[in-house]
Each structure stands twice: as structure tokens, then as C-alpha cells.
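Read the structure below first, then the notes.
Predicted, not measured: the structure shown is a model, and the values here were computed from it. Quick note: numbers below take in every heavy atom, side chains included, and nothing from hydrogens, waters or symmetry partners. Residue indices begin at 1 and follow the sequence shown.
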Amino acid sequence: MESKLKVEKSNITTMVGFVLLGFSDTPNLQWILFSMFLVIYLMILICNSIIILLTSIDPVLQTPMYFFLSNFSFLEICYVTVTIPRMLADLLTQKGNISFLACATQMCFVLMLGGSECLLLTVMSYDRYVAICNPLHYPLVMNRKVCVQLVTASWVSSVPVVIGQTCQIFSLPFCGSNTINHFFCDIPPILKLACGDTFVNEIAVYVVAVVFIMVPFLLIVVSYGKIISSILKLSSARGRSKAFSTCSSHLIVVVLFYGTATITYLQPKPNQSEGVGKLISLFYTVLIPTLNPIIYTLRNKDIMAALRKLLTKVLT
């Protein structure tokens, strides 16, 4: 009995890293996936960088809405940089070894930036609410100081909670298999490797998910309920069309991001297979960040006009 305990203790204490399986189950597609994800990553970097550049240099885009959009674009760059380069390296080397500390760090930043994205999307919906429902007071309510404070709060509010949750999860004993059937260190696959009872940790995940996913989402729903009500009261059809167009891009992004995040972190653990979880994570960590700049630029006349103006200056 004593020797068995010693072996178990040894298994727990000697685990110094994990192995990310990623897409190793499709070895024939490794180079295709590498090329595809590399192109996607470069697209995300370029498109979001262009949005940041345009909102910085074009006087027409010097408004709170585009200030929040530029911060959102920078956040998207940070968010994908935490996962995609690591995934590309694993596809290139066909090795998924990751140290205990690197895995914890990656999880911490993914959750931190994901929480910031939820809060920033809420701030952006509040901005649209003030602009449409209270336009006369908009310059006063959404002044530069308030905008900076809201963005700062979005970036830092999740930091202490996420650090605490990451420390809590990685303080669990890990034994047996060290393979993670995922392409990055996420909560659900990591908890599956933990020994003993993880009930408290799962409850903590649900609580944090409710605070940073469901509460902001409900605030966005309330904001858009009031926005739609105000738009429908407008007498001008052109005014209604313009108001809807300024909100529709943001609303599409909200539905895509919150939908996949809710499925990942609020769905009961036994109901989600590893393959489905990996696919959903791929959707909100890669596909949605790819679509976001396209949604915001192609549906925004001001940004398209600023882009044409910039291209004209560069090419002439």
C-alpha cells in the first residue's frame, strides 16, 4: 500500500509538462493546415493593423466609436497571438510538448484577453446606446476621459480573477496521461487530466463564466433592446437605416463570440466531446477574429472611405 502511494505521489510530482495533440490525428493535412493558419494569422494581423492605423490618422474616425474599435482590433491581435503561433510551431515540428509554466501562462492570457473582449464588446454596445438613445448628451457622456477609463477597466478587470483561477487549476495534482487533446491550453481539457475531485474548480469556472460572459451579454441585450426601440421611433427611413447599419456589425460580432464562448464554458462537462470542444475553440480563437475586421470594414462606409483615401495617397 505504501509503495502504491509512493508511485502515485511520484507520478504527480514528476509531471513537468504536457503534450498538445492539436491536429496530430490528421497527419496528411499538417502542411495544408499550417499554410492555412499562417495565411489566416497574417490576415488578422494586417487587417486589424490597418483598422488601428486608419482610426489613428483619419480625422473623421476620431470619435469614441472608432477609439473603441481600434482597441478591439489591438485586443484581437493579442488574442490570436497567444494561440496561433504556438499552433503553427506544433504543426511545423509535429511536436506538441509544452512546459507546465508555459501551459499555465497561455491559459491565463487566453482567459484574460477573452474576458477583456467580453467587457469591451459591452462598452461598445453602451457607446452605441448613448449615441442613438441620448444623442444630445453623447459628446458630454462619452468624453475622452470616460472612454479611456472604460477601455482601461475592460483590459484590467479580469486580470486578478483569471490569475487566481489559473493558479487554482494548476495547483491541482496531475497524474497519469499528460496529453491534452486540444491545440492550446484551455480549461476543459486541462481539468480532465487532473486527479481527484474537480467539482470546486468546475463551479469556479461556471461562476467566472457567468460574471464575464452572461452578465455582459445581458447588458448588451438590454442596450440593444433600448436601441432598437429608439430606432423604430425614428420617422425617417434613412435615419433608421443609418442607425441600424452602425449597430449591425457590432451585433453580428457579439452573437458569434458570445455564442461559442457560452457553449465552451457554460455547457455541462459530460455533454461536450473533446472533438466538438476543439472545433468550437477553433471557431472563436481563429475564425471569428478573422471575420471581425471584415465585418467591421466592409459594412462601414467611414472606414472604407478612409481606406480609399489612404490607398490614394500611398499609390500617387
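- When every heavy atom of S230 is checked against every heavy atom of I132, the shortest pair comes out as CB-CG2, 4.3 Å.
- Considering only heavy atoms from C-beta on, I295 comes within 4.5 Å of L256 through its side chain.
- Pairs passing the disulfide bond (SG atoms under 2.5 Å apart) check and including a residue from residues 118-168, sequence neighbours excluded, do not occur.
- With a 4.5 Å cut-off on side-chain heavy atoms, I180 and C185 count as touching.
- Q165 places a side-chain heavy atom less than 4.5 Å from the side chain of I187.
- Proximity of V151 to F67: side-chain heavy atoms (C-beta onward) are separated by under 4.5 Å at one or more points.
- Looking at V146 and V141, their side chains never come closer than 4.5 Å, going by heavy atoms from C-beta outward.
- Using cut-offs of 30° and 60° on the angle between ring planes, the pair F174 and F170 is tilted.
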Below 3.5 Å, can you tabulate the donor-acceptor pairs from side chains in residues 76-89 to any protein atom, sequence neighbours excluded?
| from | atom 1 | to | atom 2 | distance (Å) |
| --- | --- | --- | --- | --- |
| E76 | OE2 | N292 | ND2 | 2.5 |
| T81 | OG1 | Y41 | OH | 3.0 |
| T81 | OG1 | I77 | O | 2.6 |
| T83 | OG1 | V80 | O | 3.4 |
| R86 | NE | D90 | OD1 | 3.4 |
| R86 | NE | D90 | OD2 | 3.3 |
| R86 | NH2 | D90 | OD1 | 3.2 |
| R86 | NH2 | N97 | O | 2.4 |

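- In this structure, CZ in F257 is found 7.5 Å from CD1 in I288, a value given to the nearest 0.5 Å.
- Note that R128 lies outside the cation-pi zone of F68, set by a 6.0 Å cut-off to the ring centre and a 45° limit from the axis.
- Under the side chain to side chain contact (heavy atoms under 4.5 Å, CB included) rule, P216 has a single partner from L121, L120, V123, T122, which is T122.
- Listed by first and then second residue, the ring-ring contact (aromatic ring centres under 6.0 Å, His included) pairs that reach into residues 118-159 are F74-W155, sequence neighbours excluded.
- Two residues are said to be in side-chain contact when any heavy atoms from C-beta on lie closer than 4.5 Å; I252 and L291 fail this criterion.
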